S.K.: 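Got a structure for you, written out below as structure tokens; questions coming shortly.
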Amino acid sequence: MESHFTAYMYRLRYIERWSLMRNTTRETVAEHSYHVALLAHMLCEIGNRIFGRSLNADRAASMALFHDAAEVFTGDIPTPVKHHNPKMLANFREIEALAAERLLGMVPEPLQDAYEPLIIGSSPDAEQAELLKMVKAADLLDAYMKCLSELSSGNREFTVAKGQTEGKLTALDMPEVDWFLSEMAPSFSKTLDELSE
């Protein structure tokens, strides 16, 4: 039986993010998913190599690649809309769960066990819970990088979003995030010529 799963996953490149804001550079959910996977992997390796942890960076990257997969059906629902009030958030979470189930239903049956935890999620054990924290942190970091990029392009539209995202990152109280913000994030405000010096 023909499976449309991969074709739908590729359609994430058509779903735009930050739809309520003026952007100097457009970003799709596919691009965002790649960036979150890159950052989740990096946060795990920072944790492992700098803070002596034992995190599965490869698994975190896989989880990140699929963290917004259901948006192929729902679109990217802007944070101010989704989090307007608890009832609205609960309704959106239910819609996202239904979309994830629909997407999982497209995965060929022999592969479903491999993709169910990535698309639907599962009751996480301690190790999985730590990786989910890394993916969430990477998701926030990617939003922060977007804000830095837009602000460095002169787009003040992202000023408030940057402040809000900084607050959320600080509230995580994660040494891996703090290290990344100190050692790596400043480069995102530089021009190519400044990076090349």
Side-chain angles (χ1 to χ4, degrees), residues 17-18 20-21 27 29 31-71 76-90 92-93 96-97 100 117-152 155-190 195:
R17 291 175 42 82
W18 304 95
L20 297 181
M21 300 174 77
E27 180 185 48
V29 175
E31 291 168 312
H32 168 67
S33 297
Y34 166 75
H35 294 149
V36 174
L38 177 78
L39 291 167
H41 193 279
M42 185 163 291
L43 288 175
C44 287
E45 291 299 351
I46 291 168
N48 293 340
R49 296 167 191 273
I50 297 172
F51 297 104
R53 300 190 65 190
S54 297
L55 299 165
N56 187 334
D58 295 341
R59 184 63 178 176
S62 295
M63 292 165 65
L65 282 173
F66 290 89
H67 83 284
D68 280 341
E71 289 184 9
D76 178 56
I77 302 163
T79 298
V81 175
K82 189 187 291 188
H83 294 271
H84 180 68
N85 65 49
K87 186 175 180 182
M88 193 174 284
L89 179 60
F92 281 125
R93 292 285 185 242
E96 289 168 342
L118 298 171
I119 296 169
I120 302 287
S122 57
S123 298
D125 57 20
E127 179 186 6
Q128 197 80 341
E130 283 301 306
L131 296 181
L132 285 170
K133 281 177 59 177
M134 291 296 170
V135 172
K136 177 62 177 168
D139 194 25
L140 284 171
L141 275 176
D142 187 52
Y144 184 70
M145 299 306 127
K146 170 66 172 175
C147 293
L148 290 181
S149 175
E150 289 289 332
L151 288 168
S152 67
N155 184 4
R156 293 186 59 247
E157 185 87 7
F158 282 77
T159 304
V160 172
K162 177 182 178 274
Q164 291 171 339
T165 307
E166 280 176 329
K168 290 176 183 176
L169 287 167
T170 300
L172 293 176
D173 194 26
M174 294 173 64
E176 297 87 354
V177 170
D178 295 339
W179 192 93
F180 183 93
L181 288 172
S182 169
E183 301 295 323
M184 304 186 93
S187 297
F188 283 79
S189 296
K190 297 186 182 300
L195 291 173

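All of these numbers come straight from a predicted model, not from anything done at the bench.
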S.K.: Locate the shortest heavy-atom distance separating Ala100 from Ala70; write the atom from each residue and the value.
M.R.: N-CB, 3.8 Å
S.K.: What is the minimum heavy-atom distance between Ala60 and Val135, and which atoms define it?
M.R.: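 Minimum heavy-atom contact is O-CG2, 3.6 Å.
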S.K.: Could you walk me through whether Phe180 and Leu39 pass the side chain to side chain contact (heavy atoms under 4.5 Å, CB included) test, one step at a time?
M.R.: CA-CA 9 Å; Phe180 183 93; Leu39 291 167; 3.5 Å; yes
S.K.: Please report the closest heavy-atom contact between Asp68 and Arg17, naming both atoms and the distance.
M.R.: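 For Asp68 and Arg17, the tightest heavy-atom pair comes out as OD2-NH1, 4.2 Å.
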S.K.: Does Met42 reach the side chain of Met184, with side-chain heavy atoms less than 4.5 Å apart?
M.R.: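 Yes, side chains in contact.
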S.K.: Tell me, with the steps shown, if Gln164 and Thr159 meet side chain to side chain contact (heavy atoms under 4.5 Å, CB included).
M.R.: CA-CA 9 Å; Gln164 291 171 339; Thr159 304; over 6 Å; no
S.K.: How many angstroms lie between CH2 in Trp18 and CD in Glu27, if you round to the nearest 0.5 Å?
M.R.: 7.5 Å
S.K.: As an exercise, state the distance from CG of Leu55 to NZ of Lys133, rounded to the nearest 0.5 Å.
M.R.: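 Answer rounded to 0.5 Å: 9.5 Å.
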S.K.: Test side chain to side chain contact (heavy atoms under 4.5 Å, CB included) on Arg53 and Met134; report intermediate values, then the result.
M.R.: CA-CA 12 Å; Arg53 300 190 65 190; Met134 291 296 170; 3.3 Å; yes
S.K.: Are Leu118 and Arg59 packed together at the side-chain level, in the sense that at least one heavy-atom pair is separated by less than 4.5 angstrom?
M.R.: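 Yes. Closest side-chain heavy atoms under 4.5 Å.
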S.K.: Minimum heavy-atom separation for Ala40 and Ala138, please, with both atom names.
M.R.: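 That would be N-CB, 3.4 Å.
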S.K.: Spell out, as yes or no, whether a donor-acceptor pair under 3.5 Å connects the side chain of His41 to the backbone of Ala37.
M.R.: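 Pair absent, no side-chain N/O of His41 close to backbone of Ala37.
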S.K.: When rounded to the nearest 0.5 angstrom, what distance separates CD1 in Ile77 from CD in Glu71?
M.R.: 7.0 Å
S.K.: Between Trp179 and Ile46, which heavy-atom pair has the shortest distance, and what is it?
M.R.: CE3-CD1, 3.6 Å
S.K.: Just how far is it from atom CG of Leu43 to atom CG of Leu141, taken to the nearest 0.5 Å?
M.R.: 5.5 Å
S.K.: Indicate whether any N or O donor in one side chain lies under 3.5 Å from an N or O acceptor in the other, for Asp139 and His32.
M.R.: yes
S.K.: Does the side chain to side chain contact (heavy atoms under 4.5 Å, CB included) test come out yes or no for Glu150 and Lys162, once each step is laid out?
M.R.: CA-CA 10 Å; Glu150 289 289 332; Lys162 177 182 178 274; over 6 Å; no
S.K.: Measuring from Asn56:CG to Glu130:CD, what's the distance to the nearest 0.5 Å?
M.R.: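 It comes to 13.0 Å.
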S.K.: Rounded to the nearest 0.5 Å, what separates atom CG in Leu140 from atom OG1 in Thr170?
M.R.: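 One gets 10.5 Å once the value is rounded to the nearest 0.5 Å.
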S.K.: Between Leu89 and Arg93, is any pair of side-chain heavy atoms under 4.5 Å apart?
M.R.: yes
S.K.: Determine whether more than 12 heavy atoms belonging to other residues, nucleotides or ligands lie under 6.0 Å from atom OH of Tyr34.
M.R.: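 No - once you tally the heavy atoms of other residues, nucleotides and ligands closer than 6.0 Å, there are 12 at most.
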S.K.: Strictly distance-based, threshold 3.5 Å: is any side-chain N or O of Ser33 a donor or acceptor partner for the main-chain N or O of Val29?
M.R.: yes
